[in-house]
Amino acid sequence: MTSEKRVVVIGGGLAGLRLADRLGPAAAVTVLGEESHVPYNRVLLAEVLAGRYAPEVTALPAPGPALRRGVRAVRVDRAERAVHCDDGTVAPYDTLVLATGSNAVLPPLRGLFEPEGRDLPDGVHAFRTMDDCMALSAAVRPGVRAVVIGGGLLGVSAARALAARGAVVVLAQQGERLMERHLDADASALLATHLTELGVEIHTECRVRGLTTTVPAPPAFEARGSGGGAPGNGAPPGQRRVTGVELADGYRLEADVVVLACGVRPRTGLARAAGLEVRTGIVVDDHLRTSDPRIHAIGDCAEHAGQVYGLAGAALEQADALAAVLTGAPAPYTGTRALTRLTLGGAGSGSLDLAAFGETTPRPGDDVVRLADATRRTYRKVVLRGDLLVGGVLLGELSTVGALARTWEGGEPPHDLFHLLTDDGGH
(Lines give C-alpha, C1' and ligand atoms only; values in the text may rest on other atoms or scores of the structure.)
Protein backbone atom coordinates (compact mmCIF):
# COMPACT_ATOMS: atom_id res chain seq x y z
CA MET A 1 0.00 0.00 0.00
CA THR A 2 1.25 3.48 -0.84
CA SER A 3 0.35 6.85 0.59
CA GLU A 4 -1.72 7.49 -2.57
CA LYS A 5 -4.13 4.72 -1.60
CA ARG A 6 -7.27 6.20 -0.10
CA VAL A 7 -8.53 4.38 3.00
CA VAL A 8 -11.86 5.55 4.40
CA VAL A 9 -12.80 4.31 7.87
CA ILE A 10 -16.41 4.70 8.99
CA GLY A 11 -16.33 4.90 12.78
CA GLY A 12 -14.19 6.95 15.15
CA GLY A 13 -14.12 4.58 18.10
CA LEU A 14 -11.38 2.30 19.44
CA ALA A 15 -11.18 0.09 16.36
CA GLY A 16 -11.24 2.83 13.73
CA LEU A 17 -8.71 5.08 15.45
CA ARG A 18 -6.39 2.18 16.24
CA LEU A 19 -6.36 1.23 12.57
CA ALA A 20 -5.66 4.82 11.49
CA ASP A 21 -2.79 5.00 13.97
CA ARG A 22 -1.30 1.71 12.79
CA LEU A 23 -1.50 2.69 9.13
CA GLY A 24 0.23 6.02 9.79
CA PRO A 25 1.79 7.46 6.64
CA ALA A 26 1.32 4.22 4.70
CA ALA A 27 -2.00 5.47 3.30
CA ALA A 28 -4.17 8.54 2.96
CA VAL A 29 -6.63 7.78 5.77
CA THR A 30 -9.94 9.52 6.43
CA VAL A 31 -11.93 8.57 9.53
CA LEU A 32 -15.60 9.53 9.61
CA GLY A 33 -16.68 9.90 13.24
CA GLU A 34 -20.39 10.35 13.85
CA GLU A 35 -20.03 11.73 17.37
CA SER A 36 -18.97 15.35 17.80
CA HIS A 37 -17.05 14.60 21.03
CA VAL A 38 -13.32 14.18 21.17
CA PRO A 39 -12.83 10.40 20.67
CA TYR A 40 -13.11 8.53 23.95
CA ASN A 41 -12.67 5.10 25.45
CA ARG A 42 -16.17 3.69 25.88
CA VAL A 43 -14.91 1.18 28.46
CA LEU A 44 -14.46 4.05 30.95
CA LEU A 45 -17.97 5.52 30.74
CA ALA A 46 -19.08 3.85 33.98
CA GLU A 47 -16.18 5.53 35.78
CA VAL A 48 -17.33 8.90 34.42
CA LEU A 49 -20.89 8.21 35.58
CA ALA A 50 -19.63 7.21 39.03
CA GLY A 51 -17.77 10.51 39.29
CA ARG A 52 -14.38 8.80 39.49
CA TYR A 53 -13.12 10.21 36.18
CA ALA A 54 -13.71 13.47 34.40
CA PRO A 55 -14.86 12.97 30.78
CA GLU A 56 -11.55 14.24 29.43
CA VAL A 57 -9.72 11.37 31.13
CA THR A 58 -11.39 8.97 28.69
CA ALA A 59 -9.98 10.75 25.62
CA LEU A 60 -8.18 8.60 23.09
CA PRO A 61 -4.90 9.79 21.52
CA ALA A 62 -5.49 12.69 19.14
CA PRO A 63 -5.86 11.28 15.62
CA GLY A 64 -5.02 14.56 13.89
CA PRO A 65 -6.61 15.73 10.64
CA ALA A 66 -7.51 12.18 9.56
CA LEU A 67 -10.64 12.36 11.76
CA ARG A 68 -13.73 14.22 10.63
CA ARG A 69 -15.88 14.61 13.74
CA GLY A 70 -19.64 14.96 13.66
CA VAL A 71 -19.95 13.45 10.18
CA ARG A 72 -22.31 10.53 9.60
CA ALA A 73 -21.98 8.19 6.64
CA VAL A 74 -25.41 7.65 5.09
CA ARG A 75 -24.66 5.54 2.00
CA VAL A 76 -21.91 3.41 0.53
CA ASP A 77 -21.80 3.38 -3.27
CA ARG A 78 -19.75 0.30 -4.15
CA ALA A 79 -19.80 0.98 -7.90
CA GLU A 80 -18.60 4.53 -7.42
CA ARG A 81 -16.32 3.48 -4.52
CA ALA A 82 -17.45 6.39 -2.44
CA VAL A 83 -19.11 7.13 0.88
CA HIS A 84 -21.87 9.73 0.94
CA CYS A 85 -22.18 11.73 4.18
CA ASP A 86 -24.98 13.61 5.89
CA ASP A 87 -23.25 16.97 5.35
CA GLY A 88 -23.39 16.49 1.60
CA THR A 89 -19.73 15.57 1.19
CA VAL A 90 -18.49 12.46 -0.62
CA ALA A 91 -15.42 10.48 0.47
CA PRO A 92 -13.96 8.34 -2.35
CA TYR A 93 -12.05 5.24 -1.35
CA ASP A 94 -9.73 2.57 -2.65
CA THR A 95 -10.26 0.59 0.54
CA LEU A 96 -13.24 1.03 2.85
CA VAL A 97 -13.29 -0.11 6.48
CA LEU A 98 -16.53 -0.41 8.42
CA ALA A 99 -15.90 0.16 12.12
CA THR A 100 -19.46 1.22 12.87
CA GLY A 101 -19.63 -0.42 16.29
CA SER A 102 -22.93 -1.32 17.92
CA ASN A 103 -26.09 0.26 19.29
CA ALA A 104 -27.76 -0.26 22.63
CA VAL A 105 -30.66 -2.70 22.45
CA LEU A 106 -33.97 -1.03 23.29
CA PRO A 107 -36.29 -3.75 24.61
CA PRO A 108 -39.93 -4.03 23.47
CA LEU A 109 -41.46 -2.55 26.62
CA ARG A 110 -44.95 -1.15 26.85
CA GLY A 111 -44.78 2.58 27.25
CA LEU A 112 -41.22 2.93 25.96
CA PHE A 113 -42.37 4.66 22.78
CA GLU A 114 -45.59 6.33 21.83
CA PRO A 115 -47.38 5.06 18.70
CA GLU A 116 -45.33 6.15 15.69
CA GLY A 117 -42.92 7.86 18.09
CA ARG A 118 -39.16 7.41 18.47
CA ASP A 119 -38.40 9.54 21.52
CA LEU A 120 -37.66 7.93 24.88
CA PRO A 121 -39.60 9.30 27.85
CA ASP A 122 -37.73 11.84 29.94
CA GLY A 123 -35.74 9.96 32.58
CA VAL A 124 -35.16 6.86 30.41
CA HIS A 125 -31.60 6.43 29.21
CA ALA A 126 -29.55 3.99 27.21
CA PHE A 127 -25.94 3.69 28.42
CA ARG A 128 -23.73 3.43 25.38
CA THR A 129 -22.30 6.81 24.35
CA MET A 130 -20.75 9.83 26.05
CA ASP A 131 -24.00 11.72 25.38
CA ASP A 132 -25.90 8.94 27.19
CA CYS A 133 -23.44 9.14 30.07
CA MET A 134 -23.63 12.92 30.43
CA ALA A 135 -27.43 12.97 30.22
CA LEU A 136 -27.68 10.25 32.86
CA SER A 137 -25.11 11.98 35.05
CA ALA A 138 -27.13 15.20 34.93
CA ALA A 139 -30.28 13.32 36.01
CA VAL A 140 -28.73 11.61 39.04
CA ARG A 141 -28.48 13.07 42.51
CA PRO A 142 -28.61 11.55 46.00
CA GLY A 143 -31.96 9.93 46.68
CA VAL A 144 -33.05 9.59 43.06
CA ARG A 145 -34.84 6.28 42.48
CA ALA A 146 -33.08 4.48 39.63
CA VAL A 147 -34.01 1.17 38.01
CA VAL A 148 -31.39 -0.55 35.86
CA ILE A 149 -32.86 -3.10 33.43
CA GLY A 150 -30.28 -5.76 32.62
CA GLY A 151 -27.81 -7.62 34.84
CA GLY A 152 -24.94 -8.18 32.43
CA LEU A 153 -21.58 -6.44 32.46
CA LEU A 154 -23.07 -3.11 31.40
CA GLY A 155 -25.97 -3.23 33.84
CA VAL A 156 -23.75 -4.17 36.77
CA SER A 157 -21.37 -1.32 35.89
CA ALA A 158 -24.22 1.18 35.64
CA ALA A 159 -25.82 0.05 38.91
CA ARG A 160 -22.52 0.37 40.77
CA ALA A 161 -21.90 3.83 39.29
CA LEU A 162 -25.38 5.10 40.19
CA ALA A 163 -25.05 3.78 43.75
CA ALA A 164 -21.73 5.60 44.05
CA ARG A 165 -23.58 8.81 43.18
CA GLY A 166 -26.08 8.26 45.99
CA ALA A 167 -29.02 7.00 43.93
CA VAL A 168 -31.42 4.41 45.34
CA VAL A 169 -30.78 1.64 42.82
CA VAL A 170 -32.81 -1.42 41.84
CA LEU A 171 -31.24 -3.86 39.36
CA ALA A 172 -33.74 -6.01 37.42
CA GLN A 173 -32.24 -9.06 35.73
CA GLN A 174 -34.34 -11.43 33.63
CA GLY A 175 -31.88 -14.33 33.97
CA GLU A 176 -31.17 -16.50 36.98
CA ARG A 177 -28.04 -14.63 38.05
CA LEU A 178 -25.91 -11.57 37.40
CA MET A 179 -23.44 -11.63 34.52
CA GLU A 180 -24.52 -15.13 33.58
CA ARG A 181 -22.53 -15.01 30.32
CA HIS A 182 -19.29 -14.62 32.28
CA LEU A 183 -19.74 -15.92 35.83
CA ASP A 184 -20.79 -19.20 37.38
CA ALA A 185 -23.38 -19.39 40.16
CA ASP A 186 -20.89 -19.06 43.06
CA ALA A 187 -19.08 -16.09 41.55
CA SER A 188 -22.36 -14.41 40.67
CA ALA A 189 -23.58 -14.83 44.25
CA LEU A 190 -20.44 -13.10 45.55
CA LEU A 191 -20.99 -10.28 43.08
CA ALA A 192 -24.61 -9.92 44.19
CA THR A 193 -23.52 -9.73 47.84
CA HIS A 194 -21.04 -7.00 47.03
CA LEU A 195 -23.57 -4.94 45.08
CA THR A 196 -26.12 -5.35 47.87
CA GLU A 197 -23.60 -3.94 50.33
CA LEU A 198 -23.19 -0.95 48.02
CA GLY A 199 -26.93 -0.37 48.39
CA VAL A 200 -28.16 -1.98 45.16
CA GLU A 201 -31.41 -3.94 45.45
CA ILE A 202 -31.24 -6.94 43.09
CA HIS A 203 -34.12 -8.82 41.49
CA THR A 204 -33.20 -11.85 39.36
CA GLU A 205 -35.59 -13.94 37.23
CA CYS A 206 -37.44 -10.68 36.93
CA ARG A 207 -39.01 -9.78 33.60
CA VAL A 208 -39.90 -6.16 32.96
CA ARG A 209 -43.19 -5.71 31.12
CA GLY A 210 -43.40 -1.98 30.63
CA LEU A 211 -42.93 1.56 31.84
CA THR A 212 -45.41 3.95 33.40
CA THR A 213 -45.19 7.59 32.37
CA THR A 214 -46.91 10.88 32.97
CA VAL A 215 -47.10 14.17 31.10
CA PRO A 216 -46.39 17.08 33.48
CA ALA A 217 -48.68 20.06 33.26
CA PRO A 218 -47.23 23.57 33.04
CA PRO A 219 -46.77 25.13 36.49
CA ALA A 220 -49.52 27.50 37.57
CA PHE A 221 -47.14 30.43 37.94
CA GLU A 222 -46.47 30.39 34.18
CA ALA A 223 -50.09 31.37 33.55
CA ARG A 224 -49.61 34.38 35.87
CA GLY A 225 -46.71 35.58 33.74
CA SER A 226 -44.07 35.14 36.43
CA GLY A 227 -41.56 33.43 34.16
CA GLY A 228 -40.93 30.01 32.72
CA GLY A 229 -39.03 27.09 34.08
CA ALA A 230 -39.22 23.33 34.19
CA PRO A 231 -41.69 21.54 36.41
CA GLY A 232 -40.49 20.32 39.76
CA ASN A 233 -39.78 16.83 38.46
CA GLY A 234 -37.49 18.20 35.74
CA ALA A 235 -39.56 17.20 32.69
CA PRO A 236 -40.47 19.89 30.16
CA PRO A 237 -44.21 20.57 29.89
CA GLY A 238 -45.86 18.25 27.38
CA GLN A 239 -43.02 15.69 27.39
CA ARG A 240 -43.64 12.27 28.85
CA ARG A 241 -41.68 11.44 31.97
CA VAL A 242 -41.08 7.99 33.41
CA THR A 243 -42.64 7.29 36.80
CA GLY A 244 -42.15 3.56 37.23
CA VAL A 245 -41.31 0.12 35.90
CA GLU A 246 -43.95 -2.60 35.66
CA LEU A 247 -42.85 -6.20 36.18
CA ALA A 248 -44.48 -9.23 34.57
CA ASP A 249 -45.83 -10.38 37.94
CA GLY A 250 -47.74 -7.12 38.32
CA TYR A 251 -45.36 -5.52 40.81
CA ARG A 252 -44.42 -1.89 40.14
CA LEU A 253 -41.13 -0.22 40.94
CA GLU A 254 -41.21 3.54 41.42
CA ALA A 255 -38.56 5.21 39.27
CA ASP A 256 -37.26 8.67 38.54
CA VAL A 257 -34.56 7.28 36.24
CA VAL A 258 -34.51 4.08 34.17
CA VAL A 259 -31.34 2.75 32.56
CA LEU A 260 -31.66 0.33 29.64
CA ALA A 261 -28.67 -2.02 29.84
CA CYS A 262 -30.09 -4.85 27.74
CA GLY A 263 -27.07 -5.53 25.57
CA VAL A 264 -25.88 -4.20 22.24
CA ARG A 265 -26.54 -4.99 18.59
CA PRO A 266 -23.99 -4.59 15.77
CA ARG A 267 -24.62 -1.59 13.53
CA THR A 268 -25.01 -3.21 10.13
CA GLY A 269 -27.43 -0.88 8.33
CA LEU A 270 -24.86 0.62 5.94
CA ALA A 271 -23.52 -2.82 5.09
CA ARG A 272 -26.98 -4.26 4.44
CA ALA A 273 -27.96 -1.33 2.25
CA ALA A 274 -24.73 -1.77 0.27
CA GLY A 275 -25.53 -5.44 -0.37
CA LEU A 276 -22.80 -6.94 1.82
CA GLU A 277 -23.32 -10.27 3.57
CA VAL A 278 -24.70 -9.72 7.07
CA ARG A 279 -25.76 -12.28 9.66
CA THR A 280 -25.61 -11.10 13.26
CA GLY A 281 -22.72 -8.84 12.23
CA ILE A 282 -20.99 -7.99 8.97
CA VAL A 283 -19.43 -11.26 7.84
CA VAL A 284 -15.64 -11.14 7.39
CA ASP A 285 -12.97 -13.71 6.51
CA ASP A 286 -9.53 -14.30 8.05
CA HIS A 287 -8.28 -11.11 6.40
CA LEU A 288 -11.28 -9.22 7.77
CA ARG A 289 -12.69 -8.77 4.26
CA THR A 290 -16.40 -8.57 3.70
CA SER A 291 -18.15 -10.12 0.68
CA ASP A 292 -16.72 -7.16 -1.27
CA PRO A 293 -12.91 -7.55 -1.22
CA ARG A 294 -12.43 -3.76 -1.21
CA ILE A 295 -14.43 -3.43 2.00
CA HIS A 296 -13.33 -4.67 5.43
CA ALA A 297 -15.04 -4.64 8.82
CA ILE A 298 -13.59 -4.59 12.34
CA GLY A 299 -14.78 -4.17 15.90
CA ASP A 300 -18.26 -4.60 17.31
CA CYS A 301 -19.94 -4.64 13.89
CA ALA A 302 -17.83 -7.51 12.50
CA GLU A 303 -18.69 -11.22 12.60
CA HIS A 304 -15.74 -13.57 12.19
CA ALA A 305 -16.20 -17.35 12.13
CA GLY A 306 -19.70 -16.92 13.52
CA GLN A 307 -18.52 -14.79 16.46
CA VAL A 308 -19.33 -11.17 17.26
CA TYR A 309 -17.15 -10.18 20.20
CA GLY A 310 -18.38 -6.78 21.34
CA LEU A 311 -15.22 -6.34 23.43
CA ALA A 312 -12.48 -3.73 23.31
CA GLY A 313 -9.70 -6.31 23.21
CA ALA A 314 -11.09 -7.96 20.11
CA ALA A 315 -11.60 -4.60 18.39
CA LEU A 316 -7.97 -3.65 18.95
CA GLU A 317 -6.68 -7.04 17.79
CA GLN A 318 -8.76 -6.84 14.63
CA ALA A 319 -7.51 -3.31 13.92
CA ASP A 320 -3.91 -4.50 14.27
CA ALA A 321 -4.55 -7.52 12.05
CA LEU A 322 -6.18 -5.39 9.36
CA ALA A 323 -3.33 -2.86 9.47
CA ALA A 324 -0.96 -5.74 8.71
CA VAL A 325 -3.18 -6.85 5.82
CA LEU A 326 -3.33 -3.37 4.33
CA THR A 327 0.41 -2.77 4.62
CA GLY A 328 1.31 -6.04 2.90
CA ALA A 329 2.25 -8.19 5.89
CA PRO A 330 -0.91 -10.21 6.45
CA ALA A 331 -1.22 -12.85 9.12
CA PRO A 332 -4.60 -14.59 9.28
CA TYR A 333 -6.87 -13.35 12.03
CA THR A 334 -7.91 -16.50 13.87
CA GLY A 335 -10.13 -14.95 16.53
CA THR A 336 -9.63 -13.30 19.91
CA ARG A 337 -9.33 -15.05 23.22
CA ALA A 338 -11.12 -12.47 25.29
CA LEU A 339 -10.54 -11.66 28.96
CA THR A 340 -13.28 -9.71 30.75
CA ARG A 341 -12.30 -7.54 33.72
CA LEU A 342 -14.35 -5.27 35.95
CA THR A 343 -13.63 -3.32 39.13
CA LEU A 344 -16.51 -2.49 41.45
CA GLY A 345 -15.73 0.09 44.11
CA GLY A 346 -17.62 1.37 47.07
CA ALA A 347 -16.87 3.49 50.11
CA GLY A 348 -16.81 1.53 53.31
CA SER A 349 -16.85 -1.89 51.66
CA GLY A 350 -13.70 -1.76 49.59
CA SER A 351 -13.75 -2.80 45.99
CA LEU A 352 -14.30 -6.05 44.18
CA ASP A 353 -12.26 -7.00 41.14
CA LEU A 354 -13.43 -9.75 38.85
CA ALA A 355 -12.09 -11.43 35.75
CA ALA A 356 -13.40 -14.19 33.50
CA PHE A 357 -11.92 -15.85 30.45
CA GLY A 358 -12.66 -18.75 28.14
CA GLU A 359 -15.29 -21.37 28.95
CA THR A 360 -16.37 -20.83 32.52
CA THR A 361 -19.09 -23.49 32.41
CA PRO A 362 -17.63 -27.02 32.32
CA ARG A 363 -18.73 -29.68 29.90
CA PRO A 364 -19.31 -33.29 30.99
CA GLY A 365 -15.91 -34.85 31.62
CA ASP A 366 -14.14 -31.56 32.36
CA ASP A 367 -12.25 -31.11 35.62
CA VAL A 368 -12.95 -28.09 37.81
CA VAL A 369 -10.66 -26.68 40.50
CA ARG A 370 -12.11 -24.16 42.94
CA LEU A 371 -10.51 -22.16 45.74
CA ALA A 372 -12.69 -19.93 47.91
CA ASP A 373 -11.87 -17.81 50.94
CA ALA A 374 -14.97 -16.35 52.57
CA THR A 375 -12.94 -14.16 54.94
CA ARG A 376 -10.94 -12.49 52.19
CA ARG A 377 -13.86 -12.68 49.74
CA THR A 378 -11.82 -14.34 47.07
CA TYR A 379 -12.99 -16.97 44.63
CA ARG A 380 -11.01 -18.73 41.93
CA LYS A 381 -12.19 -21.41 39.56
CA VAL A 382 -10.54 -22.92 36.52
CA VAL A 383 -11.90 -25.45 34.03
CA LEU A 384 -9.58 -28.12 32.64
CA ARG A 385 -10.29 -30.22 29.57
CA GLY A 386 -7.78 -33.01 29.51
CA ASP A 387 -4.49 -31.28 30.27
CA LEU A 388 -5.53 -27.90 28.94
CA LEU A 389 -6.86 -24.86 30.76
CA VAL A 390 -10.02 -23.79 28.89
CA GLY A 391 -11.46 -21.10 31.16
CA GLY A 392 -11.61 -19.50 34.56
CA VAL A 393 -13.30 -17.05 36.91
CA LEU A 394 -11.56 -14.98 39.59
CA LEU A 395 -13.08 -12.58 42.11
CA GLY A 396 -11.47 -10.50 44.81
CA GLU A 397 -7.76 -11.03 44.21
CA LEU A 398 -6.55 -10.93 40.61
CA SER A 399 -2.79 -11.18 41.05
CA THR A 400 -2.82 -14.59 39.35
CA VAL A 401 -5.04 -13.67 36.42
CA GLY A 402 -2.18 -12.64 34.14
CA ALA A 403 -0.35 -15.95 34.48
CA LEU A 404 -3.56 -17.95 34.14
CA ALA A 405 -4.65 -16.01 31.05
CA ARG A 406 -1.24 -16.47 29.41
CA THR A 407 -1.40 -20.21 30.03
CA TRP A 408 -4.91 -20.31 28.55
CA GLU A 409 -3.95 -18.20 25.53
CA GLY A 410 -0.85 -20.29 24.88
CA GLY A 411 -2.82 -23.53 24.70
CA GLU A 412 -0.12 -25.37 26.68
CA PRO A 413 -0.75 -27.63 29.70
CA PRO A 414 -0.13 -25.69 32.94
CA HIS A 415 3.12 -26.80 34.61
CA ASP A 416 1.98 -26.03 38.15
CA LEU A 417 -1.73 -25.28 38.34
CA PHE A 418 -1.76 -25.02 42.13
CA HIS A 419 0.95 -22.36 42.03
CA LEU A 420 -0.95 -20.45 39.32
CA LEU A 421 -4.09 -20.45 41.44
CA THR A 422 -2.50 -19.58 44.79
CA ASP A 423 0.34 -17.21 43.92
CA ASP A 424 -0.74 -13.81 45.17
CA GLY A 425 2.25 -11.99 43.81
CA GLY A 426 3.95 -11.92 47.17
CA HIS A 427 0.95 -10.50 49.08
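Index from 1, following the sequence.
Between the side chain of Arg165 and the backbone N or O of Ser137 there is at least one donor-acceptor pair closer than 3.5 Å. A side-chain donor-acceptor contact under 3.5 Å links Thr407 to the backbone of Ala403. Of the possible donor and acceptor atoms, none in the side chain of Arg341 sits under 3.5 Å from a partner among the backbone N and O of Asp353. Remark: the backbone N or O of Ile282 is not paired with any side-chain donor or acceptor of Thr268 at under 3.5 angstrom. Although no hydrogens or angles enter the test, the distance criterion places no donor-acceptor pair under 3.5 Å between the side chain of Thr58 and the main chain of Ala54. With Lys381 contributing its side chain and Thr360 its backbone, the two residues share a donor-acceptor pair below 3.5 Å. Not a single donor-acceptor pair under 3.5 Å links the side chain of Ser188 to the backbone N or O of Asp184.
Here the CG-CG distance, from Leu67 to Leu17, works out to 6.0 Å after rounding to the nearest 0.5 Å. Taken from NE2 in His182 to OG1 in Thr361, the straight-line distance is 11.5 Å, to the nearest 0.5 Å. Between Gln318 atom CD and Ile298 atom CD1 the span is 7.0 Å, to the nearest 0.5 Å. Here Arg52 contributes atom CZ and Glu47 contributes atom CD; the two are 6.0 Å apart, rounded to the nearest 0.5 Å. Atom CG of Leu154 sits about 10.5 Å away from atom CZ of Arg42, to the nearest 0.5 Å. Between the CG atom in Leu23 and the CG atom in Asp21 there is a gap of 9.0 Å [rounded to 0.5 Å].
Side-chain atoms of Leu421 and Leu404, non-hydrogen and from C-beta on, do get closer than 4.5 Å to each other. Residues Thr129 and Tyr40 are in side-chain contact: their nearest non-hydrogen atoms beyond the backbone lie under 4.5 Å apart. Side-chain contact check for Arg68 versus Thr89: some heavy-atom pair is nearer than 4.5 Å. With a 4.5 Å cut-off on side-chain heavy atoms, Leu339 and Val401 count as touching. By the 4.5 Å heavy-atom criterion applied to side chains, Val325 and Leu288 are not counted as neighbours. By the 4.5 Å heavy-atom criterion applied to side chains, Val369 and Phe418 are not counted as neighbours. The shortest distance between side-chain heavy atoms of Leu253 and Leu247 falls below 4.5 Å. For the pair Leu60/Val38, no side-chain contact is recorded, criterion being any heavy-atom separation below 4.5 Å from C-beta on.
Remark: Asp94 does not engage Arg294 in a salt bridge, criterion side-chain N to carboxylate O under 4.0 Å. Checked for salt-bridge contact, Arg272 and Glu277 miss the test: no charged N lies under 4.0 Å from a carboxylate O.
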Test log, rule ring-ring contact (aromatic ring centres under 6.0 Å, His included), inputs His304 and Tyr333
CA-CA 9 Å; His304 175 265; Tyr333 174 73; 4.8 Å; yes

Using the rule given for salt bridge (Lys or Arg N to Asp or Glu O under 4.0 Å), can you reason through Arg78 versus Asp292, listing the C-alpha separation, both sets of side-chain angles and the distance that settles it, and then say yes or no?
CA-CA 9 Å; Arg78 292 166 55 192; Asp292 181 334; 3.0 Å; yes

Verdict with supporting geometry, Leu420 and Thr400, side chain to side chain contact (heavy atoms under 4.5 Å, CB included):
CA-CA 6 Å; Leu420 286 176; Thr400 67; 5.9 Å; no

Quick one: do Arg267 and Glu34 satisfy salt bridge (Lys or Arg N to Asp or Glu O under 4.0 Å)? Show the steps, please.
CA-CA 13 Å; Arg267 294 184 67 180; Glu34 184 173 332; 3.1 Å; yes

Arg385 and Asp367: salt bridge (Lys or Arg N to Asp or Glu O under 4.0 Å), yes or no, with the steps?
CA-CA 6 Å; Arg385 187 165 300 146; Asp367 292 316; over 6 Å; no

For the pair Arg240 and Asp122, evaluate salt bridge (Lys or Arg N to Asp or Glu O under 4.0 Å) and give the outcome as yes or no after the intermediate values.
CA-CA 6 Å; Arg240 292 188 308 144; Asp122 191 61; over 6 Å; no

Is there a side chain to side chain contact (heavy atoms under 4.5 Å, CB included) between Met130 and Leu45? Walk through the geometry before answering.
CA-CA 7 Å; Met130 181 64 77; Leu45 287 180; 3.8 Å; yes

CA sep, side-chain torsions, deciding dist, call: Val208, Leu109, side chain to side chain contact (heavy atoms under 4.5 Å, CB included):
CA-CA 7 Å; Val208 175; Leu109 303 179; 3.9 Å; yes

Assess the residue pair Leu183 and Leu191 against the criterion (side chain to side chain contact (heavy atoms under 4.5 Å, CB included)); give the C-alpha distance rounded to whole Å, side-chain angles, the decisive distance to 0.1 Å, and a yes or no.
CA-CA 9 Å; Leu183 304 182; Leu191 174 60; 3.8 Å; yes

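Nearest heavy atom pair, residue Val105 against residue Arg265, reads CG1-NH2, 3.8 Å. In this structure, Thr243 and Thr213 approach most closely via the heavy-atom pair OG1-N, 3.8 Å. Taking every heavy atom of both residues into account, His287 and His296 meet most closely at O-CD2, 3.3 Å. Contact detail for Leu384 and Pro414: the closest heavy-atom pair is CD2-CG, 4.4 Å. Scanning all heavy atoms of the two residues, the minimum distance from Tyr309 to Gly335 falls at OH-CA, 3.3 Å. Contact between Cys85 and Leu32 at its shortest, heavy atoms only, is SG-CD1, 3.8 Å.
For CG of Asp416, the number of neighbouring non-hydrogen atoms (other residues, nucleotides, ligands) closer than 6.0 Å is greater than 12. Within a 6.0 Å radius of CG in Asp387, other residues, nucleotides and ligands contribute 12 heavy atoms or fewer. Around CZ of Arg81, the count of heavy atoms belonging to other residues, nucleotides or ligands within 6.0 Å does not exceed 12. Under a cut-off of 6.0 angstrom, the local environment of CD in Glu176 is sparse, with at most 12 non-hydrogen atoms contributed by other residues, nucleotides or ligands. The number of heavy-atom neighbours closer than 6.0 Å to OH of Tyr53, taken from other residues, nucleotides and ligands shown, is 12 or below.
Sorted by first then second residue, the ring-ring contact (aromatic ring centres under 6.0 Å, His included) pairs that include residues 357-400, not counting sequence neighbours, are Phe357-Trp408. Each salt bridge (charged side-chain N to carboxylate O under 4.0 Å, His left out) pair with one or both residues in residues 310-326, not counting sequence neighbours, appears once here: Arg18-Asp320, Arg22-Asp320. Counting only residues at least two apart or on different chains, the side chain to side chain donor-acceptor pair (under 3.5 Å) pairs with a member in residues 99-113 are Ser102-Arg128, Ser102-Asp300, Arg110-Glu246.
Arg69 is linked by a salt bridge (charged side-chain N to carboxylate O under 4.0 Å, His left out) to nothing, counting only residues two or more places apart in sequence or in another chain.
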For residues 198-205, which side-chain donor-acceptor pairs fall under 3.5 Å, sequence neighbours excluded?
from, atom 1, to, atom 2, distance (Å)
Glu201, OE2, His203, NE2, 2.6

Under 3.5 Å, which donor-acceptor pairs link side chains of residues 254-264 to any protein atom two or more places apart or in another chain?
from, atom 1, to, atom 2, distance (Å)
Glu254, OE1, Arg252, NH1, 3.2
Glu254, OE2, Arg252, NH1, 2.4
Asp256, OD1, Arg145, NH2, 3.0
Asp256, OD2, Arg145, N, 2.9
Asp256, OD2, Arg145, NE, 3.1

